[in-house]
Asks: 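Mind having a look at this structure? Questions to follow.
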Amino acid sequence: MPEGHTVHRTAGIFQKKFAGSTLRVSSPQGRFTDASLIDGSKLLSAHAWGKQLFLKFEPAILRIHLGIYGKWRIESHEGELPEPKGQVRARFTSDKDFADLRGPTACELVDTEGYLGVVSKLGPDPLRPDPKGDEGERFVSRVLKSPTPIGQLLMNQSVLAGVGNVYRAELLFRAGINPHTPGKQLTREQVAGIWFDAVALMPLGVRTGLMLTRDGFLKGRPKLEDRYLVYKREGLPCRVCGSSVVIEIMATRKLYYCVKCQK
DNA sequence: AGGTTATGCCAAT
DNA sequence: TTGGCCTAACCTC
């Protein structure tokens, strides 16, 4: 379930369970042919930026992107490692824990230059520390200059890193903004509002592993049918006004919104 | 058993 | 704009 919250959550787990340890790295499936280059080396740190996960090993940095299918299985073990389930691209093993990676779009070693090349193309990430406090402004000024619909801008990782199709729909509903509105037609307050809403909401997703966006359902594990405001609710009544939630295709992705509440 | 779908994104056209 | 990647879960038959 890969939007940015999932990736940050995984980075935290790697940091806690594996950072500072020497890891065995293998590719049961065989497709990660560079596994041998980091096998037996120390994991220095793990961090996320948007939907990208970076594992810094001593010899090189491993860049992992889950794409739409990718999944992690991370568990502890008692010396006896379980058989890989399905097609495991990469397995990371410490004394106590193992992590199996299946179906990623990217699992590749990069050097510092390659790493900088990737992150230089990423927009601000609401889940990243913002010591100077100017990351929101980077997002806001970019949106306010753009003729592109805000629904597309929120999906563009160079504008805003980590938000995907679920958070896009939910953030726009919460803001009461129609996804077709060009960025430059929004007010500064509206765009800043989206940023700060994401900054407030996404850490909940990291903590729980769920994209919680409904006030009143911001803790626990709400059932799937209670979870979202508009995402995957086409044809169902809007939770606020009761009119039918619509679905459209915007730039190849399904877009859900309420025509009445989002002007 | 086969078809559809997915929280993503890139390259080719 | 379209096709392809790549895996598993969830349908229908």
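A note on names: the letters A, B, ... follow the listed sequences, proteins ahead of strands, and every chain is numbered from 1. Small disclaimer: the values here were computed from a predicted structure and weren't measured.
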Asks: Please report the C-alpha distance between A/Lys184 and A/Leu144 in whole Å, then the side-chain angles of each, then the deciding distance to 0.1 Å, and finally whether the side chain to side chain contact (heavy atoms under 4.5 Å, CB included) criterion is met.
Replies: CA-CA 4 Å; A/Lys184 57 160 70 163; A/Leu144 289 178; 5.9 Å; no
Asks: Quickly work out the A/Leu66 CG to B/dT7 P distance and round it to whole Å.
Replies: 14 Å
Asks: Using whole Å, report how far CD1 of A/Ile249 lies from C1' of B/dT5.
Replies: 12 Å
Asks: Let me know which of A/Phe54, A/Phe92, A/Phe57 forms a ring-ring contact (aromatic ring centres under 6.0 Å, His included) with A/Phe14.
Replies: A/Phe92
Asks: Just compare B/dG8, B/dT5, B/dC9 and give me whichever is closest to any side-chain atom of A/Gln157.
Replies: B/dC9
Asks: Without decimals, in angstroms, what is the distance between A/Asn165 CG and B/dT7 P?
Replies: 5 Å
Asks: Roughly, in whole Å, what's the span from NZ in A/Lys232 to P in C/dC11?
Replies: 10 Å
Asks: Rounded to the nearest 0.5 Å, how far does CG of A/Leu127 lie from NE2 of A/His5?
Replies: 9.5 Å
Asks: In whole Å, measure the gap between the P atoms of C/dC6 and B/dA12 for me.
Replies: 15 Å
Asks: Quick one: A/Leu172 CG to B/dT7 P, roughly how many Å, whole number?
Replies: 16 Å
Asks: Base, sugar-phosphate alone, or nothing: which one does A/Tyr231 contact when heavy atoms must sit under 4.0 Å apart?
Replies: sugar-phosphate
Asks: Between A/Leu44 and A/Lys42, does the side chain to side chain contact (heavy atoms under 4.5 Å, CB included) criterion hold? Intermediate values first, please.
Replies: CA-CA 6 Å; A/Leu44 303 175; A/Lys42 191 198 276 185; 4.0 Å; yes
Asks: Checking side-chain contact (heavy atoms from CB on, under 4.5 Å) between A/Tyr256 and each of A/Glu234, A/Arg168, A/Glu248, which is the one that passes?
Replies: A/Glu234
Asks: Using a cutoff of under 3.5 Å, can you pull out all pairs of nitrogen or oxygen atoms linking the protein to nucleotides 6-10 of chain C, with atom names and distances?
Replies:
unit_1, atom_1, unit_2, atom_2, d
C/dC6, OP1, A/Arg31, NH1, 3.3
C/dC6, OP1, A/Arg31, NH2, 2.5
C/dC6, O5', A/Arg31, NH1, 3.1
C/dC6, O2, A/Tyr69, OH, 2.6
C/dC6, N3, A/Tyr69, OH, 3.4
C/dT7, OP1, A/Gln29, NE2, 2.1
C/dA8, OP1, A/Gln87, N, 3.2

Asks: Charged N to carboxylate O below 4.0 Å: is that the case for A/Glu75 and A/Lys17?
Replies: no
Asks: Can you check the A/Leu255 CG to B/dA6 P distance for me, whole Å?
Replies: 13 Å
Asks: Taking only the P atom of each, what is the distance from B/dT7 to C/dC11 in whole angstrom?
Replies: 16 Å
Asks: Of A/Tyr257, A/Phe173, A/Phe217, which meets side-chain contact (heavy atoms from CB on, under 4.5 Å) against A/Leu229?
Replies: A/Phe173
Asks: So is A/Arg233 actually on top of A/Tyr228's ring, under 6.0 Å and inside 45° of the axis?
Replies: no
Asks: N/O contacts under 3.5 Å, protein versus nucleotides 1-4 of chain C?
Replies:
none

Asks: Show the numbers, then the answer: is there a side chain to side chain contact (heavy atoms under 4.5 Å, CB included) between A/Trp49 and A/Arg128?
Replies: CA-CA 7 Å; A/Trp49 189 325; A/Arg128 275 182 71 76; 3.4 Å; yes
Asks: For the pair made of CD in A/Glu108 and P in B/dC9, what is the distance, rounded to whole Å?
Replies: 15 Å
Asks: Between C/dC5 and B/dT13, how far apart are the two P atoms, rounded to whole Å?
Replies: 14 Å
Asks: Is any side-chain N or O of A/His65 closer than 4.0 Å to OP1 or OP2 of B/dC9?
Replies: yes
Asks: Drop me the distance from A/Leu255's CG to A/Ile249's CD1, to the nearest 0.5 angstrom.
Replies: 8.5 Å
Asks: To the nearest Å, how far apart are A/Gln52 CD and B/dG8 C1'?
Replies: 11 Å
Asks: Considering just the side-chain nitrogens and oxygens of A/Arg253, establish if one lies under 4.0 Å of OP1 or OP2 belonging to B/dT7.
Replies: yes
